[in-house]
Amino acid sequence: MGIKKGVRGGRAAPAEGQMTGFTFRKGTLYCEDVKVDDIVASVGSPVYVYSERAVLGNYREIRNAFAGVSTLICFSVKSNSNLSVLHLLALEGSGFDVVSGGELYRALQAGADPRKTIFAGVGKNPQEIKYALDSNILMFNVESQAELESINTIAHDNKTTARVALRLNPDVDPKTHARTTTGKKENKFGIDLGMAEKVVKGAKRYDSLQICGLHVHLGSPIMSPEPYVKALEKLNGFLPLCRKYSLPIEYVNIGGGYCISYTGEAVCRPADYAREVLPLVRAVGLKLILEPGRFIVGNAGILVTKVLYDKESSFGKRFVICDAAMSDLIRPTLYDAFHRIWPVNPRVPMPEVLTPKGFNPPKKGLAKVDIVGPVCESSDFFARDRFIPKIKQGELLSIFSAGAYGFTMSSNYNSRPRPCEVMVRDKTFQVIRRRESYEDLVAKEIG
Ligand SMILES: *Cc1c(COP(=O)(O)O)cnc(C)c1O
């Protein structure tokens with residue numbers, strides 16, 4: 001697939017690979033040209049740090065890869081919904097993929113063009129549908145016949161027409177974690193092909209709908225183009241029926257799920273997907289929509305945490321207890337997700353590749369530890385049986401690839417104020433969400 005070999009020179013991602021914005025220089029971690037140490041000295045820990053250069057670089061990479069056909073990129077807001085991140089992408093021309101009224105509100109607040117905004121999700125409620133219609137969004141991705149009825153009625157009552165795409169469930173295995181698989185027939189998402197056929201045949205009765213697209217989203221992360229190809233073949237096979245019943249299909253939407261490297265190994269890149277996908281899109285002459293989230297922000301962000309305690313058991317087990325917790329980054333708990341973790345000021349350079357299986361290089365200076373948080377749950381961990389350089393109380397750890405599904409999945413569990421978020425641009429950084437206070441925790445409960 002023409003993938004080049006991984007990392008060099010202590011980079012935090014493949015040298016030939018995706019832009020991350022994070023590098024070790026003279027033994028300390030930088031985000032662009034800012035020392036991570038300096039950020040923590042200024043705003044404390046834990047803190048999410050994002051690289052603006054990496055967010056933009058990744059957006060442009062996927063945009064350029066698919067430039068061969070008319071393509072709308074709709075950034076998946078649920079992966080990172082900070083207003084500054086959304087604003088940055090809106091200025092760059094990105095559209096947005098939202099899955100709730102709240103996300104639509106955020107996107108609009110950040111300057112999103114409603115005509116580049118699409119609304120997905122299996123359970124849109126009537127208020128959300130009305131709000132999206134009033135906002136004149138580009139289209140809804142509709143996930144059931146019942147939802148079609150509902151949108152049709154609401155559009156009718158509001159004397160307007162709703163543009164919709166049918167989200168098909170193509171029953172394609174994306175070969176990823178079961179909990180992030182969405183396009184198989186047993187998943188709650190999308191309309192199966194048999195049911196979709198009925199919908200198309202009866203489409204005339206939806207007097208306030210314009211069915212202008214077909215959509216799939218298979219799951220995430222997807223490590224090869226093959227599932228997209230299989231899904232597109234099914235979509236393309238469904239088009240003649242749509243034409244027969246005179247549906248004005250204008251868009252084909254292949255969703256998100258484009259992978260990133262969590263280990264430093266080389267992985268599939270946008271150009272690799274595009275090479276396989278574009279011919280199938282050209283064949284049907286439709287406009288393409290993509291909904292990347294993870295690819296744009298995942299490797300553009302880290303979570304920095306301070307070591308509170310180094311705890312040893314008499315059984316020889318060692319715990320590094322940090323000031324960040326599952327309430328700040330829940331992916332390891334939720335999906336057994338692997339994140340590279342390394343000291344911000346390491347005594348041993350970070351290897352090019354770190355995998356769940358461990359690594360070969362000399363284990364000198366490394367210790368096998370569980371990296372855990374302070375929350376009162378055994379599932380509050382970031383890594384188990386992980387070799388990292390020996391680290392002392394008060395030192396900082398960087399948890400890499402935390403820019404997607406990091407802060408957006410955070411909670412106040414154990415009444416922990418959420419961390420702050422920082423955006424770096426070149427030599428400067430800005431707090432783009434302040435750290436929550438104790439007052440914030442109770443603010444909505446005080447009459
Ligand atoms: C979550 C989601 C995406 C984004 O997935 P990524 O893996 O972040 O690219 C896109 N489309 C839909 C419908 C989603 O639910």
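Counting starts at 1 for both ligands and their atoms, in listed order. For reference, positions follow the sequence shown, starting with 1. From a predicted model like this one, the values you see are computed outputs, not experimental measurements.
Contacts with ligand 1 closer than 4.0 Å are made by side-chain heavy atoms of Tyr405 only, the backbone lying farther away. With a 4.0 Å cut-off on non-hydrogen atoms, His217 touches ligand 1 through its side chain and not its backbone. The part of Ser76 lying near ligand 1 is the side chain, judged by heavy-atom distances below 4.0 Å.
Counting protein heavy atoms only, atom 13 (C) of ligand 1 is closest to Glu291 OE1, 3.5 Å. The shortest contact between atom 7 (O) of ligand 1 and any protein heavy atom is with Ser220 OG, 2.3 Å.
Counting only N and O atoms by type, the side chains of Asp323 and Ser45 include a donor and acceptor under 3.5 Å apart. There is a side-chain donor-acceptor pair under 3.5 Å between Arg294 and Ser220. A side-chain donor-acceptor contact under 3.5 Å links Glu291 and Asn141.
Residue Ala404 places every heavy atom at 4.0 Å or more from ligand 1.
For Lys35, there are no side chain to side chain donor-acceptor pair (under 3.5 Å) partners two or more places apart in sequence or in a different chain.
A side-chain donor-acceptor contact under 3.5 Å links Asn58 to the backbone of Ile296.
At least one N or O atom of Gly257 sits closer than 3.5 Å to an N or O atom of ligand 1. Remark: ligand 1 and Arg167 share no N or O pair separated by less than 3.5 Å (distance only, no angle test). Remark: ligand 1 and Lys78 share an N or O pair separated by less than 3.5 Å (distance only, no angle test).
Applying the 4.0 Å criterion to heavy atoms of Asp97 picks out, from ligand 1, the atoms 10 (C), 11 (N), 12 (C). The Pro292 neighbourhood of ligand 1 comprises atoms 9 (O), with distances under 4.0 Å to a heavy atom of that residue. For ligand 1, the atoms closer than 4.0 angstrom to any heavy atom of Gly293 are 6 (P), 8 (O), 9 (O).
Using a 4.0 Å cut-off between charged nitrogen and carboxylate oxygen, Glu147 and Lys124 count as a salt-bridge pair.
For Arg331 and Tyr405, the positive end is not near the middle of the six-membered ring at less than 6.0 Å and at most 45° from its axis.
Considering only heavy atoms from C-beta on, Thr305 stays 4.5 Å or farther from Asp328 through its side chain.
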